[in-house]
S.K.: 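One structure coming up, written as structure tokens, with questions to follow.
Here is the naming used below: chain letters follow the sequence lines, and residue numbers restart at 1 for every chain.
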There are 4 protein chains.
Amino acid sequence: MQAIIKARSEVGLELADVPRPNPGPRDVLIRVQKTGICGTDRHIYEWDAWAASRIKPPMVVGHEFVGIVADVGVGVKMVQPGDRVSGEGHIGCGYCYACRTGQSHICEKVDILGVDINGCFAPYVVLPESNIWKVDPAIPDDHACLFDPFGNAMHTVMAQPISGRQVLVVGCGSIGLMAVGILHVGGADLIIAIEPNPFKREIAKKMGADVVMEEIDPKEIKALTDRDGVDVVLEMSGNPKAIVKAFDCIRNGGDVALLGIPPGEVCITWAKQIIFRGLTIRGINGRRMYETWYQSERFLRHYPELIEPVITHRLPFDRFEDGIKAMQDGTGCKVVLDWTNAKE
Amino acid sequence: MQAIIKARSEVGLELADVPRPNPGPRDVLIRVQKTGICGTDRHIYEWDAWAASRIKPPMVVGHEFVGIVADVGVGVKMVQPGDRVSGEGHIGCGYCYACRTGQSHICEKVDILGVDINGCFAPYVVLPESNIWKVDPAIPDDHACLFDPFGNAMHTVMAQPISGRQVLVVGCGSIGLMAVGILHVGGADLIIAIEPNPFKREIAKKMGADVVMEEIDPKEIKALTDRDGVDVVLEMSGNPKAIVKAFDCIRNGGDVALLGIPPGEVCITWAKQIIFRGLTIRGINGRRMYETWYQSERFLRHYPELIEPVITHRLPFDRFEDGIKAMQDGTGCKVVLDWTNAKE
Amino acid sequence: MQAIIKARSEVGLELADVPRPNPGPRDVLIRVQKTGICGTDRHIYEWDAWAASRIKPPMVVGHEFVGIVADVGVGVKMVQPGDRVSGEGHIGCGYCYACRTGQSHICEKVDILGVDINGCFAPYVVLPESNIWKVDPAIPDDHACLFDPFGNAMHTVMAQPISGRQVLVVGCGSIGLMAVGILHVGGADLIIAIEPNPFKREIAKKMGADVVMEEIDPKEIKALTDRDGVDVVLEMSGNPKAIVKAFDCIRNGGDVALLGIPPGEVCITWAKQIIFRGLTIRGINGRRMYETWYQSERFLRHYPELIEPVITHRLPFDRFEDGIKAMQDGTGCKVVLDWTNAKE
Amino acid sequence: MQAIIKARSEVGLELADVPRPNPGPRDVLIRVQKTGICGTDRHIYEWDAWAASRIKPPMVVGHEFVGIVADVGVGVKMVQPGDRVSGEGHIGCGYCYACRTGQSHICEKVDILGVDINGCFAPYVVLPESNIWKVDPAIPDDHACLFDPFGNAMHTVMAQPISGRQVLVVGCGSIGLMAVGILHVGGADLIIAIEPNPFKREIAKKMGADVVMEEIDPKEIKALTDRDGVDVVLEMSGNPKAIVKAFDCIRNGGDVALLGIPPGEVCITWAKQIIFRGLTIRGINGRRMYETWYQSERFLRHYPELIEPVITHRLPFDRFEDGIKAMQDGTGCKVVLDWTNAKE
């Protein structure tokens, strides 16, 4: 079958023929219909330091998908051929403390689809039954293939109360934008969104941001709030300078959820910015399995507007490089690839 | 009356005659019996950068005390002359969001006894009724004057569950030592205490530490735990290097409580050490008013061993410099001053 | 001044001339503009068993109000004459465990305005400064006088997470209706409202209920949900039969918030309906001081639709009996009285 | 092999020869060493209404055990023959909302070992790998076979904070006694234990109860507490009269955990006893999988005294009726059976 693979330890991704995977006794084989391109896929394409240290070519990449069950192992009970499914790409070991206490999203031995094992940028992908999610019929394919990033947004937003609170969202890539939307329908009192790209700032407004700014201005932000600072910061940028400034915008006793991945170190004055303020800071990884999936399903079946404006490109699978370029030059946000015509 | 005052913007503290304070209609006048010397008092003595920026001499210092009510304002109902009391030195504004929602320990307009207003290193001190704590008769004066630092320890320990958990305590000054003791009687599974001073390490053992180490060795610490790292870190050192190392000792999904005050910035790799790990980090300030006081009272009336080994010096008030010297040279831990013979 | 008073231990309320109250040093005197009639006032009017056991005539009744500060005691700092204010009618003792730990809404020695002390159905009322709430200018008087019942609804809704959850609201009196509205703007996934009165069911639809039913039909309700029952029950009826049925509508692990006041005992099979199900049940009393007030302010300034449809009658103060009759015969929901023309 | 079975729908249990079970591909076959007799086994013996409605004879009963892995299915990775294991007897469906969100202890389709499927009162038992618990070598067999009831106690205690709190334990059967022990090492401030049987009251004292009483006397209990009532009630009796009285012993804002199973209805005045008090009530079922197991392991390896005094009888398997009789006549508490000499 055709697949998008990382063939060699260098920049780029390419289409190549690879063998169709076979499901084991507890696995599900899925005919992929649509996939989303994640920032992670772009890192793999660009072969940055993280990618070079983690990816072992050759391998199929990609982890955001929706498809139709094609075959199941003998031990599988949850789905059958013909079911429409998405799936969680973090495959926990199943045996560690995290996995046995409902926290497999932070399993220390996790395998990630399209990172550690062959991914979903192909007409067929295999996942263990435990990681399969049967999709509600009310959610269209273009949205269902984005459960993974939408779940990042949902997990970050739901990490603290948000109804009636004033929230600063730092960084409006796809996930930041979805977070703005979830805050909006979840009853946040004030949503301030920060994003340097004017195109994405426009989308943030559509998603429900009350105020959008090019960069963080703590004085201005404090002036917009009731309590000398926002109640909650959702950090989605990974930009160390923005992080430091964001900590100057929050009231004493506030909550910070960190999803963006800063390269290298972040240096801040903990005494003044964290300790005396009595902040609570939560590192957010992946999505809760499967609490976040249940929450996402409920929001997505009611509110297509939480995803629709974020999709800027719908392309056939073999134009994936156009999608990555759009992401690189800032003209694209979320790119969805169509795999229906791929050679099987 | 005689008092220990910061007379001028320079190193040192001195005994001087000052006027006896008068209580307003909602205030309580207390005849001080015993006081504790805090690390903060030492900073004020040494006139470091923080002290120079905050303290406005001349003023009476000190904030840890126990005493007998001498007089009360007309509006005071909670206590009467003769009652034995301690008191919370953080005086919230009473009107802000924090103060009106049970979080006055993080009031943004707080006045601190002995820092922003005249303190308790004197035979008489005045506090508003709201800040008074009537002391349980089972708690001796030497312990009752230490509600403030004991409350710091209690607040830090109680910020997350600790029964059955493996805990790293970084820094065994007075507060760290008391935290070790509280963990011990609170059912922690494993207590690892870090402290460079061998004299304090000995006290840590007495307080119930299972393992004491001179400095943090992440490999060794991980080997002592069940889950490739401790469940909880209590940071009581304020040492930036120790903080960075401590973050290498904690399991995914663990809790970190930060009480120690690092000078300047702390630089760590948030991605690897906080975000991917799904940590929860809480900045701890002061003590909860008055949840922490209630908790402290209950522990102190049952367990004198949570404070007794930490008191290394009992001195008359006019030998306060001996106490500060013992703190400086590491031969002292908690120093208690006796004010019964001070000139009133 | 004219006031609505309970003059004698019998059915009824009457207009009478009473002395204008004087503020003490920490009190605020308020010129009342608008008041709401609460179900409690109706109980006092009807002189039921509860009223007969608690109320000591003669006294001024009423506790829902908005007004203008007319005078302040010497110790008052938060407001000054001319400020527009509402106020919390539960006056905590200030000294007990609940009051000193941010939970004065459950103070065991509480005095309630218009129940234990003279109330606000008069042109002037006095409250301690601690209980005053300065009203946001964006909130009109007709809504601002209803902070108290709106706060009941808010406290009940916020007692557990509600974003993305399926919720059963049992009883659509004023408070139940406001709860439906808060759930709607707070992102609940499904709101099922139960109410026998068809007039109130119509209002429930306007407030955002997805489904309204005359009475609880557990089979039908379960069929509407994803998980064999709702995630949350908000009990606002106080009807013992409804309560028992409501417990048959909730999924394992669900949350129940109890605000309605059942007369006498409630008999249910705890094993099957609570214990095996792993439910969490919370008794809700009053409003959190002042967390709930802050939350209410934020919702009310954005969403007038959370109160407007609930107000069915706006009457001058001297037509209060018409309001109570409308409440009794089910043609009225929330009744607002205007005190601007009362004899001072 | 020999096994204790429920042969017919009538009172009694009997030893009989049954076939040895075979493990499926994801199952583990265990050579049972020791088992505990649970109150549930006694209900099955006595063939009460619950047993008659649930149990389908003939079947092997029993669910508390420790043993050695004898064989494993091809898909099993966690253990191998020779490993010493206990296991969770609640086998979740694995596919429902509860099972997929870390709450399989409240799965609505649970199968229970020795209740719905053949149990462990036999030399061999089969369990799915997911339910296996590898036992820490520091925990002796006699204690390891009691992870199940100890886990009930642990789950109930850990359902709310207990360090520094005053707790009423209603009912000192095996689980209530273990709860007293866990409270003691977990730093509870005051433990009041209620138990009509004087023999068990003696054990309660050994476990660390500060006060033991024959029955609940609310006045006396309130007099023992600081806040006009205990902070926490752990209900382990299932006695409706005791439950009603227990609700008169708790302070406003307190926590109640319900583990005991009352037959029929419980009738209490919700207004006065739950709602105005602002209580939080939690129904407790089974044990958290596997958070509770991790907690239990840590306590049991340090504190053998949390179980040892509760074991009153150690018998060979074929004297099981003597054990049940001791439970019935109140001379026994926990009975452990030895299966080493059973015919395989």
Side-chain angles (χ1 to χ4, degrees), chain A residues 50 96-110 155-156 159-160 225-229 231 235 238 240 243-244 247 250-286 288, chain B residues 50 96-110 155-156 159-160 225-229 231 235 238 240 243-244 247 250-286 288:
Chain A
W50 169 82
C96 70
Y97 174 75
C99 285
R100 294 198 91 186
T101 58
Q103 307 177 76
S104 47
H105 64 295
I106 47 171
C107 168
E108 308 216 16
K109 294 172 190 161
V110 69
H155 185 190
T156 311
Q160 58 282 302
T225 68
D226 293 337
R227 293 169 198 162
D228 204 31
D231 302 297
E235 209 305 294
I243 291 177
V244 175
F247 275 82
I250 188 164
R251 69 161 170 90
N252 281 7
D255 291 291
V256 179
L258 302 173
L259 182 78
I261 302 301
E265 293 185 336
V266 176
C267 299
I268 71 174
T269 52
W270 286 30
K272 202 183 81 178
Q273 295 189 290
I274 298 176
I275 300 171
F276 292 139
R277 291 215 167 148
L279 299 189
T280 302
I281 302 169
R282 294 173 180 90
I284 306 293
N285 190 46
R288 295 192 71 88
Chain B
W50 169 82
C96 70
Y97 174 76
C99 284
R100 293 197 92 185
T101 58
Q103 305 175 77
S104 47
H105 63 295
I106 48 171
C107 168
E108 309 216 17
K109 294 172 190 160
V110 69
H155 184 192
T156 311
Q160 59 280 303
T225 68
D226 293 337
R227 294 170 196 160
D228 203 32
D231 302 299
E235 209 307 294
I243 291 176
V244 175
F247 275 82
I250 188 163
R251 69 161 170 89
N252 281 7
D255 291 291
V256 179
L258 302 173
L259 182 78
I261 302 300
E265 294 184 336
V266 176
C267 299
I268 71 174
T269 52
W270 286 30
K272 202 183 81 178
Q273 295 188 290
I274 298 175
I275 300 171
F276 292 139
R277 293 218 166 145
L279 299 188
T280 301
I281 302 170
R282 295 173 179 88
I284 307 293
N285 190 47
R288 295 192 70 89

S.K.: Heavy-atom pairs under 4.5 Å with chain A: which of B:E235, B:R251, B:Q273, B:R282 has the most?
M.R.: B:R251
S.K.: Which atoms of B:I274 come close to chain A, meaning under 4.5 Å heavy atom to heavy atom: side chain ones, backbone ones, both, or neither?
M.R.: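 Contact with chain A: backbone and side chain both.
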S.K.: So which of A:I261, A:L279, A:T101, A:V266 has the biggest tally of heavy-atom pairs under 4.5 Å with chain B?
M.R.: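 The residue among A:I261, A:L279, A:T101, A:V266 with the greatest pair count is A:V266.
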S.K.: In this structure, is the centre-to-centre distance between the rings of A:F276 and B:W50 below 6.0 Å?
M.R.: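 That pair fails the under 6.0 Å test.
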S.K.: Where do A:D226 and B:Y97 land on the side-chain contact (heavy atoms from CB on, under 4.5 Å) test, with the steps shown first?
M.R.: CA-CA 9 Å; A:D226 293 337; B:Y97 174 76; over 6 Å; no
S.K.: Using a cut-off of under 4.5 Å on heavy-atom pairs, state which of B:C267, B:C96, B:A159 scores highest against chain A.
M.R.: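 Counting heavy-atom pairs under 4.5 Å, the top option is B:C267.
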S.K.: Between A:I243 and chain B, which part of the residue has a heavy atom less than 4.5 Å away: side chain, backbone, both or neither?
M.R.: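 Just its side chain gets close to chain B.
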S.K.: To the nearest 0.5 Å, what is the distance between CD1 (A:I106) and CZ (B:R277)?
M.R.: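 Spacing of CD1 (A:I106) from CZ (B:R277) equals 10.5 Å.
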S.K.: Which pair of non-hydrogen atoms, one from B:A271 and one from A:P262, has the smallest distance, and what is that distance?
M.R.: CB-O, 3.8 Å
S.K.: Nearest 0.5 Å, please: how far is NZ in A:K272 from CD in B:E265?
M.R.: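 Spacing of CD (B:E265) from NZ (A:K272) equals 10.0 Å.
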S.K.: Measure A:R227 against the heavy atoms of chain B and call it side chain, backbone, both or neither at under 4.5 Å.
M.R.: both
S.K.: What closest approach, in Å, do B:I275 and A:G260 show between heavy atoms, and which atom pair accounts for it?
M.R.: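 For B:I275 versus A:G260, the nearest heavy atoms are CD1-O, 3.1 Å.
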S.K.: When heavy-atom pairs shorter than 4.5 Å are enumerated against chain A, which of B:G264, B:P263, B:G238 gives the highest number?
M.R.: B:G264
S.K.: Can you tell which part of B:L258 gets under 4.5 Å to a heavy atom of chain A, answering side chain, backbone, both or neither?
M.R.: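 Contact with chain A is through both the backbone and side chain of B:L258.
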S.K.: If you take all heavy atoms of A:N252 and B:E108, which pair is closest and at what distance?
M.R.: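 Closest heavy-atom pair between A:N252 and B:E108: N-OE2, 3.3 Å.
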S.K.: What part of B:C107 gets within 4.5 angstrom of chain A, counting heavy atoms only: side chain, backbone, both, or neither?
M.R.: backbone
S.K.: Do you know which of A:T280, A:T269, A:I284, A:I268 has the most heavy-atom pairs under 4.5 Å to chain B?
M.R.: A:I268
